[in-house]
Structures are given as structure tokens and as C-alpha cells.
Amino acid sequence: METGSPHDMGTTDTPDVPGTADAPGLPETADVSAADGGAEPVWRALPPGLLTMRRLLLVVWLGLLTLATALVPGLLAGPAWGAFAVLPLALLLCGWVMLERNWRSWRYAERADDLLISRGVLWHEETVVPYGRMQLVEVTSGPVERHFGLASVQLHTAAAATDATIPGLDPAEAERLRDRLTELGEARSAGL
């Protein structure tokens, strides 16, 4: 794991190890390197409403594609061609499982000097966002997210290529996190 100094921000891409972040029943804490004094951050998972929303969107879009793939060739070329509807249906089933693995892989932890965001199923990516590097923290919520009672926190930093997002939070938690990160960012950047 690459933690970096409080003035650096980085992400690491490493292959995911089976039985780690995407495994059910994981403890809510994880070890951190000795550079952080051996403290264990408290990892927070995303709420299950995000998984529900994503699965509903998957069913709607691939359900419509399955229906179109069955009807159009079936009516124009004969019923045997309607069997092509099996392909989007297989994608729907595969996507159902992959969405849960992706949802389980997302988590975040607030530490004394930075925010950790961890995600990834095949390639595990961990982003370290030092509070002093944050320039803007905003809460966004589109119409579908609002329907499911969710909001996202978008972190804008000094390097635009390393901005970070935490999707699918409860609106109260998103606002609390925004306020806390803004307060800590202002306190840390005042010393620069």
C-alpha cells in the first residue's frame, strides 16, 4: 500500500487478492503501515441502497435489450432467431453478481491527515487524499440517486487527474463528510 506524505496524493493499482475487500464478513478495520503510527483506520462500507439502485438499472436496461433482442429477430426472421435473447440475459445474470462484488469493494476511512478510498474487484485501487490538498468538496445527487435516498461526495484536489469520488452515501453522511473534509482541508491548507 502506498500512503505518501501529507503533501502528496496517489493511487495504487494492484491485482486484487481473493478473500480481501470483496469477501463477505470482512472486519470493518484494516492494518495500515507503520508510517501512520500503526493506527488502524475504521473502514466504512457503502450503504446497500447503492447496490439496489445499480441492480435496478441493470435489470431495466438489459431487460429492455433482452426483450428487443427476442422480439425483433423473432418477428422478422422467425422464432428460432429469438434465441439471441439469451446473450443479454446472460449479461444480466453476470452483471448481477459483478455489481455486488464491485459494491463490496468500495470503502473509505478517515484518518488524522488524509482520507483513504479503496475500491476494485480485479485491480484493487486505493486512493490517499491528504486534507491539505483538497480544494473543493461537493455533494451531488442525480434524480435516480435522490429517488433511492443516495448522494455522492466529489473531492477536487490540486491535481485534477487525482480527484476522487465516494458514491452512494446517505445524504446526511455525505453532508457530514463534506463539512468535516472542508473543515480539515481549511485547517491543513492554512499551514502551507
Side-chain angles (χ1 to χ4, degrees), residues 1-3 9-32 36 39-62 92-131 133-134 136-157 162-185:
M1 180 173 88
E2 181 177 283
T3 56
M9 178 177 168
T11 60
T12 58
D13 291 329
T14 57
D16 191 22
V17 179
T20 57
D22 58 332
L26 274 181
E28 290 298 315
T29 60
D31 290 333
V32 177
D36 193 36
E40 294 183 9
V42 177
W43 288 100
R44 296 176 185 230
L46 299 181
L50 179 66
L51 178 61
T52 303
M53 179 189 76
R54 288 181 174 174
R55 281 183 167 170
L56 180 64
L57 291 173
L58 177 76
V59 167
V60 167
W61 289 109
L62 284 180
L92 177 81
L93 296 175
C94 181
W96 188 270
V97 173
M98 291 307 296
L99 281 175
E100 182 172 357
R101 290 195 66 200
N102 179 271
W103 170 74
R104 286 186 185 280
S105 74
W106 275 89
R107 57 191 184 150
Y108 66 98
E110 300 170 61
R111 296 196 302 182
D113 295 323
D114 50 31
L115 177 73
L116 301 175
I117 302 171
S118 178
R119 64 195 171 280
V121 176
L122 295 177
W123 283 271
H124 184 76
E125 184 176 324
E126 188 164 292
T127 304
V128 179
V129 184
Y131 297 135
R133 301 289 293 200
M134 287 185 217
L136 174 68
V137 181
E138 63 183 343
V139 175
T140 60
S141 184
V144 177
E145 285 179 310
R146 278 194 309 272
H147 178 74
F148 284 91
L150 301 173
S152 297
V153 174
Q154 176 73 38
L155 307 167
H156 300 279
T157 61
T162 55
D163 289 352
T165 302
I166 304 174
L169 297 173
D170 293 320
E173 171 64 10
E175 290 175 11
R176 182 204 67 82
L177 189 59
R178 179 200 59 206
D179 294 343
R180 184 178 187 313
L181 295 177
T182 302
E183 178 184 317
L184 289 169

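Note that the CG atom of L181 and the CE atom of M134 stand 4.5 Å from one another [nearest 0.5 Å]. Taken from CH2 in W106 to CD in E125, the straight-line distance is 8.0 Å, to the nearest 0.5 Å. Atom OH of Y131 and atom CD of E110 lie 5.0 Å apart (nearest 0.5 Å). Atom CG in L62 sits 9.5 Å away from atom CG in L93 (nearest 0.5 Å). In this structure, I166 CD1 and R107 CZ are separated by 13.0 Å, a value rounded to the nearest 0.5 Å.
Residues R54 and N102 are in side-chain contact: their nearest non-hydrogen atoms beyond the backbone lie under 4.5 Å apart. For the pair L116/V128, a side-chain contact is recorded, criterion being any heavy-atom separation below 4.5 Å from C-beta on. Looking at H156 and E138, their side chains come closer than 4.5 Å, going by heavy atoms from C-beta outward.
For the residue pair W43 and S118, the shortest heavy atom distance occurs at CZ3-CB, 3.8 Å. Between S152 and P167, the shortest heavy-atom distance links the atoms OG-CA, 3.4 Å. In terms of heavy atoms, P171 sits closest to G149 at CD-O, 3.1 Å.
Of the residues listed (L150, L51, L169), the one engaging L46 in a side-chain contact (heavy atoms from CB on, under 4.5 Å) is L169, and it is the only one. The side-chain contact (heavy atoms from CB on, under 4.5 Å) with L155 is formed by just one residue from the set L115, L136, L177; it is L115.
Salt-bridge check for R180 with E183: failed, with every basic side-chain N at 4.0 Å or more from each acidic carboxylate O.
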### Task
Check the pair E173, V153 against side chain to side chain contact (heavy atoms under 4.5 Å, CB included), reporting the backbone distance first and the verdict last.
CA-CA 10 Å; E173 171 64 10; V153 174; over 6 Å; no
### Task
May I have the step-by-step check of side chain to side chain contact (heavy atoms under 4.5 Å, CB included) for M53 and H147, ending in yes or no?
CA-CA 9 Å; M53 179 189 76; H147 178 74; over 6 Å; no
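Remark: the backbone N or O of G142 is paired with a side-chain donor or acceptor of E145 at under 3.5 angstrom. Judged by distance alone, the side chain of W103 and the main-chain N or O of P47 form a donor-acceptor pair under 3.5 Å. The main-chain N or O of S141 is found under 3.5 Å from a side-chain atom of R146 such that the two form a donor-acceptor pair.
With no hydrogens or angles considered, no side-chain donor-acceptor pair links S105 and H124 at under 3.5 Å.
By the side-chain contact (heavy atoms from CB on, under 4.5 Å) test, T52 pairs with F148, sequence neighbours left out.
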